[in-house]
Amino acid sequence: MDKIKAMEKKKILFINQEIAPYVPDSDMSLMGRALPQAMQEKNHEIRTFMPKWGIINERRGQLHEVIRLSGMNLIINDTDHPLIIKVASIPTARVQVYFIDNDDYFTKRQMATDEKGEDYPDNGERAIFFARGVLETVKKLRWIPDIIHCQGWMSAVVPFYIKTAYHDEPSFTNTKVVTSLFTKSLKKDLGQNFKKCLEFRDAKAELLAPYKDNFDFVELGKLAIDYSDGIIQTAKEVNQELLKHVADKNVPMLKHCDDFADAYEAFYDQICPDVE
């Protein structure tokens, strides 16, 4: 029976900060591409999202807007921001990728840093817009994921939102959340306004009281860990404070492994054993 369960088809939503070949190769972007492909080849049903960073060449990547999914406005920091959804496929991987776009947050920017290599001061707002943009789009798709796998600090607020602001949404009521820990981090904190911007529906201010007012990379990681059902140590060397936080919170964790596909699939089954 256990072997049969392990083979059950799951719906897995990948929320990635980076995916090759749309952005330069890195441990994160290569995993962003390889993992969805591996799970799809194992007959799981997947959906994959990433930000439409300004460095992405839309013509070369053959991105096009999905009109039926675009058009919503998200209010971040008391300002309306139009949500634009684009889509493309990685031909060699047969993986479709949805892109979250917005002129102010993504189209006219680089990635996490500007041309001088400095973090954008509104990176926190960008992460919030990305997270909410993905979740609102998944609702429009009428697709109910069994597992959401978050990769990169840009997706770090997703676990918090899934367990608070979106916990009553039919699309996410029973969804389990897995977060990967990478080495790539932020240089600066997200500013004193981040907590205020993060508030949304049941994602109340009092829930953020245990965290520092100035969210940095580690504090953001702790927020993701606290609201995740499982953690994966994707790189050999990751922040030791975050690893200690995982242990202190007794969150199930999969340590770094080279043969990731089988190990990740087994971990998904551990976190989400029953699929209807």
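- Legend: residues meeting ring-ring contact (aromatic ring centres under 6.0 Å, His included) with Trp53, ordered by chain and number and at least two apart, are Phe106.
- A search for side-chain hydrogen bond (donor to acceptor under 3.5 Å, both in side chains) contacts involving Lys204 returns nothing, not counting sequence neighbours.
- Among residues two or more places apart in sequence or in another chain, the salt bridge (Lys or Arg N to Asp or Glu O under 4.0 Å) test is passed with Lys188 by Glu118.
- Applying the salt bridge (charged side-chain N to carboxylate O under 4.0 Å, His left out) test to pairs two or more places apart or on separate chains, those with a residue in residues 218-227 are Lys222-Glu241.
- The list of salt bridge (charged side-chain N to carboxylate O under 4.0 Å, His left out) pairs with a residue in residues 162-176, not counting sequence neighbours, reads Lys139-Glu169, Lys163-Asp229, Glu169-Arg201.
- By the ring-ring contact (aromatic ring centres under 6.0 Å, His included) test, Phe217 pairs with no residue at all, sequence neighbours left out.
- Under the rule for a ring-ring contact (aromatic ring centres under 6.0 Å, His included), the partners of Tyr105 that lie at least two apart in sequence or sit in another chain are His81, Phe129.
- Shown here are the salt bridge (Lys or Arg N to Asp or Glu O under 4.0 Å) partners of Asp78, two or more places apart in sequence or in another chain: Lys196.
- The salt bridge (Lys or Arg N to Asp or Glu O under 4.0 Å) check on Asp122 picks up Arg109, with sequence neighbours excluded.
- With respect to Glu41 and Arg94, no salt bridge is recorded, no charged nitrogen being found less than 4.0 Å from a carboxylate O.
- Scanning for ring-ring contact (aromatic ring centres under 6.0 Å, His included) contacts around Tyr98 gives Phe49, with sequence neighbours left out.
- Listed by chain and residue number, nothing satisfies the salt bridge (Lys or Arg N to Asp or Glu O under 4.0 Å) test with Glu125 (two or more places apart in sequence, or in another chain).
- A search for side-chain hydrogen bond (donor to acceptor under 3.5 Å, both in side chains) contacts involving Asp104 returns nothing, not counting sequence neighbours.
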